[in-house]
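The first residue in the sequence is number 1, and the count goes up from there.
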Amino acid sequence: MTGDYEREPPNGKCKQEGHIWGSMRRTALILGSGLLLSVAFWNSVTWHLQKFWGASGYFWQAQWERLLSTFEGREWILFFIGAALVPVLFFWGFNGLLLVVDMTGRPNFIARYRIQQGKNEPVDSGKLRQAIHTVLFNQSFISLPMIVFLYPFFKWCGDPCRRELPTFHWFLLELALFTLTEEVLFYYSHRLLHHPAFYKKIHKKHHEWTAPIGVVSLYAHPIEHVASNMLPAMAGPLAMGSHLSSITVWFSLALIVTTISHCGYHLPFLPSPESHDYHHLKFNQCYGVLGVLDHLHGTDALFKQTKAYERHILLLGFTPLSKSIPDPQKME
């Protein structure tokens, strides 16, 4: 008995080390494969986009200079419009379309892509009103004042309203770095909010929706909205001293992507929301956006054993994945 007991720790240690190295190898494979694909398509895609950017560059530069002359001496207003109002308009424009489907089930072309069948058909009007009120509060009394407050910091890091627009390749680099920064900050802040010390008082509010809809992407406690929604998205542009044009595109894109991840529909040609939808269903899986840190930390292990994981792909056709990859039938 004693000999067997003494031999157990080394075996356990080997298994643990094997698990860590295996996780690191898989992560390296994911990152390496993504890098190779990016390099393979980089020259072709960027050549076409750079050609378009170059052809229209003078036009956009002229429009930007016209805006600068209009708001000369009041650049903070221009910053507020670009960093706050434009992204909010994109958010509500997209969510307005989704809410029509959530409340009416029409058009069926969209409704049939629902991930959690039988949920929110139609959405509960009382819960929806509460969610919209909370989102409007977060946007009006947290997001907008926070952007105004941080304007001097953006100006100190690099004037966002400087005259020259960024080059196309610089914008692409910024976008990649913004995405990685948000992934790291969101994953760890989100996972921290699931700690018992914070979950019940703060993050549980967001998880009242086990079958989420688009608008609840910003349905959160004010502390969570600052720490896990706003700061991860703002850190990249602040650190890089980005131009307002980059900030506007990034904030708008971030709001659209988080809406897609919460929308409850796996729509054709849009990023898959299966991972985050599963997070709302099970609570303790899939904390990140890209999935790389979930893979590294093993916080998607249960998700990988589900049909939802098989459906976690870009849908390139019009047959709902719930039909082509159905859940296993329950035994009577």
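- Between the side chain of His280 and the main chain of Trp209, a donor-acceptor pair closer than 3.5 Å is present.
- By the 4.5 Å heavy-atom criterion applied to side chains, Ser322 and Ile115 are not counted as neighbours.
- The closest donor-acceptor contact from the side chain of Glu310 to the backbone of Gln305 lies at 3.5 Å or more, if one exists at all.
- Residues Leu314 and Ser272 form no side-chain contact, since every pair of their non-hydrogen atoms from C-beta on lies 4.5 Å or further apart.
- The shortest distance between side-chain heavy atoms of Leu98 and Ile213 does not fall below 4.5 Å.
- For the pair Gln61 and Arg163, the minimum side-chain heavy-atom distance is below 4.5 Å.
- In this structure, Tyr151 places its OH atom where more than 12 heavy-atom neighbours from other residues, nucleotides or ligands lie under 6.0 Å away.
- Summarising the geometry, atom NZ belonging to Lys323 is positioned 12.0 Å from atom CG belonging to Leu321; distances are rounded to the nearest 0.5 Å.
- Proximity of Leu316 to Phe269: side-chain heavy atoms (C-beta onward) are separated by under 4.5 Å at one or more points.
- Annotation: His194 is in aromatic contact with Tyr287 [ring centroid separation under 6.0 Å].
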### Task
May I have the step-by-step check of side chain to side chain donor-acceptor pair (under 3.5 Å) for Thr258 and Ser217, ending in yes or no?
CA-CA 6 Å; Thr258 192; Ser217 54; 4.6 Å; no
### Task
Take His221 and His225 through the test ring pair (Phe, Tyr, Trp, His ring centres under 6.0 Å) and record every step on the way to the result.
CA-CA 6 Å; His221 188 282; His225 186 60; over 10 Å; no
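- In this pair, His297 and Tyr187 present their aromatic rings parallel. The plane angle is below 30°, not in the 30 to 60° band.
- Inter-residue side-chain proximity for Ile260 and Phe94 is flagged as met; some heavy-atom pair is nearer than 4.5 Å.
- For CH2 of Trp76, the number of neighbouring non-hydrogen atoms (other residues, nucleotides, ligands) closer than 6.0 Å is 12 at most.
- Heavy-atom contacts from other residues, nucleotides or ligands closer than 6.0 Å to CZ of Phe141 number 12 or fewer.
- Across every non-hydrogen atom of Gln139 and Val88, the tightest pair is NE2-CG2, 4.2 Å.
- Screening Lys307, His266, His312 for a side-chain hydrogen bond (donor to acceptor under 3.5 Å, both in side chains) with Glu274, the sole residue that qualifies is His266.
- Using a distance-only test at 3.5 Å, with no hydrogens or angles considered, no donor-acceptor pair links the side chain of Ser228 to the main chain of Glu224.
- For the 3.5 Å distance criterion, the side chains of Asp277 and Gln116 qualify, holding a donor opposite an acceptor.
- A side-chain donor-acceptor contact under 3.5 Å links Glu121 to the backbone of Gly118.
- Of the possible polar contacts, one joining the Asn95 side chain to the Val215 backbone as a donor-acceptor pair under 3.5 Å is found.
- The two atoms that bring Asn120 and Ala211 nearest to each other are ND2-O, 2.7 Å, heavy atoms only.
- Counting only distance, with no hydrogens or angles, the side chain of Arg74 and the backbone of Thr70 share a donor-acceptor pair below 3.5 Å.
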### Task
Before giving the answer on side chain to side chain donor-acceptor pair (under 3.5 Å), spell out for His279 and His262 the whole-Å C-alpha distance, their side-chain angles and the decisive distance to 0.1 Å.
CA-CA 10 Å; His279 171 76; His262 286 85; over 6 Å; no
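- Between His207 and Tyr199, the ring planes are tilted. Angles from 30° to 60° get that label.
- Here the closest non-hydrogen pair linking Leu302 and Gln285 is N-OE1, 2.9 Å.
- The aromatic rings of Tyr309 and Phe303 stand perpendicular to each other, their planes meeting at an angle above 60°, with 30° marking the opposite boundary.
- The aromatic rings of Trp250 and Phe178 lie tilted to each other, with the angle between the two planes from 30° to 60°.
- The backbone N or O of Arg162 lies less than 3.5 Å from a partner atom in the side chain of Trp64, making a donor-acceptor pair.
- Expressed to the nearest 0.5 Å, how far CG of Asp294 lies from CD of Glu183 amounts to 7.0 Å.
- No donor-acceptor pair closer than 3.5 Å links the side chain of Ser246 to the backbone N or O of Ser242.
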### Query
side chain to side chain donor-acceptor pair (under 3.5 Å) between Ser245 and His243: does it pass, once the steps are laid out?
CA-CA 5 Å; Ser245 57; His243 193 276; 3.0 Å; yes
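- Remark: side-chain polar atoms of Asp300 are not paired, donor with acceptor, to backbone N or O of Cys286 under 3.5 angstrom.
- Val101 places none of its side-chain heavy atoms less than 4.5 Å from the side chain of Tyr113.
- Side-chain atoms of Arg106 and Val100, non-hydrogen and from C-beta on, never get closer than 4.5 Å to each other.
- The hydrophobic cluster containing Ile223 does not contain Leu231, counting ILVMFWY residues as joined when their side-chain heavy atoms lie under 4.5 angstrom apart, directly or transitively.
- Between His206 and His203, the ring planes are parallel. Angles under 30° get that label, and only those over 60° would be called perpendicular.
- Residue Lys204 qualifies as open at atom NZ: its count of foreign heavy atoms under 6.0 Å is 12 or below.
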